[in-house]
Every structure is written in C-alpha cells, then in structure tokens.
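Values reported hereafter were calculated over all heavy atoms of this structure, with side chains retained and with hydrogens, waters and symmetry mates removed.
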Amino acid sequence: MKIYLTSAFLFLFITSVTSQDFKGTVIYGKKPKTQILSKTDSIRLKENPEKHRRFQKMREIISTEEKKLNFELNFKNTESYFYLKPILESESNESLINIISVYDKGVYYNKDKRILQLNAFGELFLITKPKLNWKIQKDTKKIGEYNCFKATTEIIVNSKGRKQLITAWFTPKIPVSFGPLGYDGLPGLILELEVYKKIYYAKKITLNFKEVIKIEKPIKGIKVTEKEYQEMASSTMQNFKKSKGL
C-alpha cells in the first residue's frame, strides 16, 4: 500500500510541476507540541517541585512569545527561500527577541542542495545539509482546505550521532517540494512540521500571484557540511564549559 501511495504522489507531483510555472508564498507560525512529562520532568517534579514549577513557568513564557513569530517561505518551481520575518525592536518585544533560537534566525535555501546560512559563534556559515530519506505513512488529515498526508524521517542532531524523529504533513495539491526550515523532498508542500518538540504550521498560503518573486541564493559564509558544523559546535561548547569550570 505504501509503495502504491508513493508512486501516485510522485506521478501527480511531476506532472503538475512540469505543466506550469508555479510560485507562491506561505506564512508559517510556531507553537509548542502538547507537552507530556518526560522522564527528566518526572524526576524533577518528585525531587524538587518548586524547581519543576519554575521550569514549567519558563516554558509557558517561551511558548507564548514564540507564538508571535512569523516565518515566510517563497518558492518558484524548483527553488525556495525560508526566513524569519523581521521583528520590530521595542521594549514589548525584548523578551521575544531574546528567546529566538539561532536556527529560527537562519536563512534556508533549497534548489539542487539544502543550504542553511547561519550566524553562530561569531561567524557566518553556509551549511550544506544532507538529503532527507522520507517514509510516507498511511495517516491523513485535513489542514484548512487541503488533504494532507503524513511523512516521517530521522536527522542526526549532534556530533555523537543522536537521531531526532521529524514528522511532516504535506499536500500534493500544492506541487512543490518545500517546507519550513529547509525541509524538502516530499511530493507536495509541507503545511505542518514537527521538529524538536515544536510545530511549524501554515497560516496563510498565496499561490501564482502577479508580483515577481525574487529568490537569492545566500553566498556569504564559511562553507561547511552539517557534520563539520556539528563537530565545531561540540568542540566550542566543550571549550566554553572548561573555561567556566563546568
């Protein structure tokens, strides 16, 4: 059944993309995944209820602030550009600006390769990310007016090889192979992405409008593979801990 579904999606995808000049813009929001007490949370709750309460309060504040973020994906045929929309620097937005993750601030470009332009450790990097190996599942659900299908993949998140499960919901009705945070490779646009206990979800979709979409490939930065960057990040963190006596 899974092979049949995948073949059908690929046929629809290839036919749709090659038959027209397809472009669009998607605005994504961010929210936390519904939290279930982890093993660490359960231990903390039992041993130090007050510390657990402070952690939970901090999570609630971060979640509230993150819901104010908006991300934009621009795509045209086989090319896309994903970024965090600018935030007005003001006193009311100070806490929001402080909690934005370094990866949310990155610029994600997709064409022949997945490229992340990231400012970290005082340097600008151009990180080439590996190809994703998706598995299309039987699960379906409706997001807005679009029938969506579930797909999963695993990524390596650190230099020690730790893996993280990624879940995406995509729709073949929008025949582009893109999504938030540079995730691509599915036969349809990703409308919802679950990664690192966060959910990036489509809030507004605009297709084939008259305005010209300009997508510029980022060229500034130190060119590294994702594995090289992870090794560098691990080494930098270890040196930092040593300098602090941790």
Side-chain angles (χ1 to χ4, degrees), residues 25-28 30 62 65-66 69-89 93-134 153-166 168 176-186 189-190 193-198 200 213-246:
T25 294
V26 186
I27 303 299
Y28 290 90
K30 181 181 180 182
I62 291 174
E65 292 298 311
E66 284 183 330
L69 299 177
N70 285 299
F71 302 83
E72 184 168 313
L73 171 70
N74 292 318
F75 60 83
K76 183 177 180 182
N77 296 332
T78 60
E79 190 176 25
S80 75
Y81 188 93
F82 178 88
Y83 66 101
L84 173 66
K85 290 181 72 66
I87 299 167
L88 179 65
E89 291 191 19
N93 282 336
E94 186 175 350
S95 58
L96 172 60
I97 293 170
N98 290 334
I99 59 93
I100 299 173
S101 78
V102 64
Y103 290 100
D104 280 343
K105 294 178 182 177
V107 170
Y108 298 80
Y109 173 84
N110 298 61
K111 193 174 183 182
D112 301 323
K113 296 180 180 179
R114 301 169 61 222
I115 296 174
L116 165 59
Q117 186 183 55
L118 190 68
N119 197 325
F121 313 117
E123 298 281 0
L124 189 65
F125 293 93
L126 279 178
I127 304 169
T128 301
K129 300 175 75 65
K131 185 178 179 180
L132 297 165
N133 181 26
W134 291 101
T153 189
E154 285 187 330
I155 61 170
I156 296 175
V157 296
N158 62 24
S159 59
K160 296 180 180 180
R162 185 169 71 85
K163 293 182 178 180
Q164 173 81 38
L165 179 68
I166 308 297
V176 290
S177 183
F178 305 123
L181 297 180
Y183 283 85
D184 68 354
L186 286 167
L189 178 71
I190 297 174
L193 179 77
E194 182 184 316
V195 54
Y196 304 124
K197 297 182 180 179
K198 302 290 183 178
Y200 295 80
I213 288 183
K214 188 176 182 180
I215 299 176
E216 293 185 359
K217 180 179 180 179
I219 57 174
K220 293 183 179 179
I222 302 169
K223 294 182 179 180
V224 293
T225 64
E226 185 166 69
K227 184 178 180 180
E228 289 170 339
Y229 174 78
Q230 289 171 346
E231 290 172 349
M232 191 183 310
S234 176
S235 176
T236 301
M237 186 57 67
Q238 288 175 8
N239 292 336
F240 174 78
K241 288 181 177 179
K242 287 180 181 178
S243 69
K244 298 296 181 180
L246 299 175

Mind listing the side-chain donor-acceptor pairs of residues 111-122 below 3.5 Å, one per line with the distance, residues two or more places apart or on another chain?
| residue | atom | partner | partner atom | Å |
| --- | --- | --- | --- | --- |
| Arg114 | NE | Gly182 | O | 3.1 |
| Arg114 | NH1 | Pro130 | O | 2.5 |
| Gln117 | NE2 | Lys220 | O | 3.0 |

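Remark: Lys197 NZ to Gln164 CD distance equals 8.5 Å, nearest 0.5 Å. The CD1 atom of Ile166 lies 8.5 Å from the CD atom of Glu194; values are rounded to the nearest 0.5 Å. Taken from CG in Leu84 to CG in Leu69, the straight-line distance is 6.0 Å, to the nearest 0.5 Å. The CD atom of Glu72 sits 4.0 Å away from the CD1 atom of Ile27 when rounded to the nearest 0.5 Å.
Residues meeting the side-chain hydrogen bond (donor to acceptor under 3.5 Å, both in side chains) test with Tyr229, sequence neighbours left out: none. For Tyr81, there are no side-chain hydrogen bond (donor to acceptor under 3.5 Å, both in side chains) partners two or more places apart in sequence or in a different chain. Considering only residues two or more places apart in sequence or on other chains, Glu66 meets the salt bridge (charged side-chain N to carboxylate O under 4.0 Å, His left out) condition with Lys30, Lys198. Not a single salt bridge (charged side-chain N to carboxylate O under 4.0 Å, His left out) links Glu231 to another residue, sequence neighbours left out.
Within the 4.5 Å cutoff, the side chain of Gln230 has no heavy atoms near those of the Ser234 side chain. Two residues are said to be in side-chain contact when any heavy atoms from C-beta on lie closer than 4.5 Å; Ile155 and Tyr183 meet this criterion.
Around the OH atom of Tyr83, the shell of radius 6.0 Å holds more than 12 heavy atoms that belong to other residues, nucleotides or ligands. For Ile219, the CD1 atom counts as loosely surrounded, since its 6.0 Å shell holds 12 or fewer non-hydrogen atoms of other residues, nucleotides or ligands.
Minimum heavy-atom separation, Leu73 to Ser80: CD1-CB, 3.9 Å. Contact between Ser177 and Asp184 at its shortest, heavy atoms only, is O-CB, 2.9 Å. Phe75 and Val26 make their closest contact through CE2-CG2, 4.0 Å (heavy atoms, listed as atom of the first residue, atom of the second, distance). Between Glu216 and Tyr109, the closest heavy-atom pair is O-CD1, 4.2 Å. Asn77 and Val176 get closest at one heavy-atom pair: O-CG1, 4.1 Å. Contact detail for Phe82 and Pro180: the closest heavy-atom pair is CE1-CA, 3.5 Å.
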Mind running side chain to side chain donor-acceptor pair (under 3.5 Å) on Tyr200 and Asp104 for me, showing each step along the way? CA-CA 11 Å; Tyr200 295 80; Asp104 280 343; 2.6 Å; yes
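Screening Phe71, Tyr103, Phe178 for a side chain to side chain contact (heavy atoms under 4.5 Å, CB included) involving Tyr108 leaves a single residue, Tyr103.
For the side chain to side chain donor-acceptor pair (under 3.5 Å) condition, the pairs that include at least one residue of residues 123-133, sequence neighbours left out, are Lys129-Glu226.
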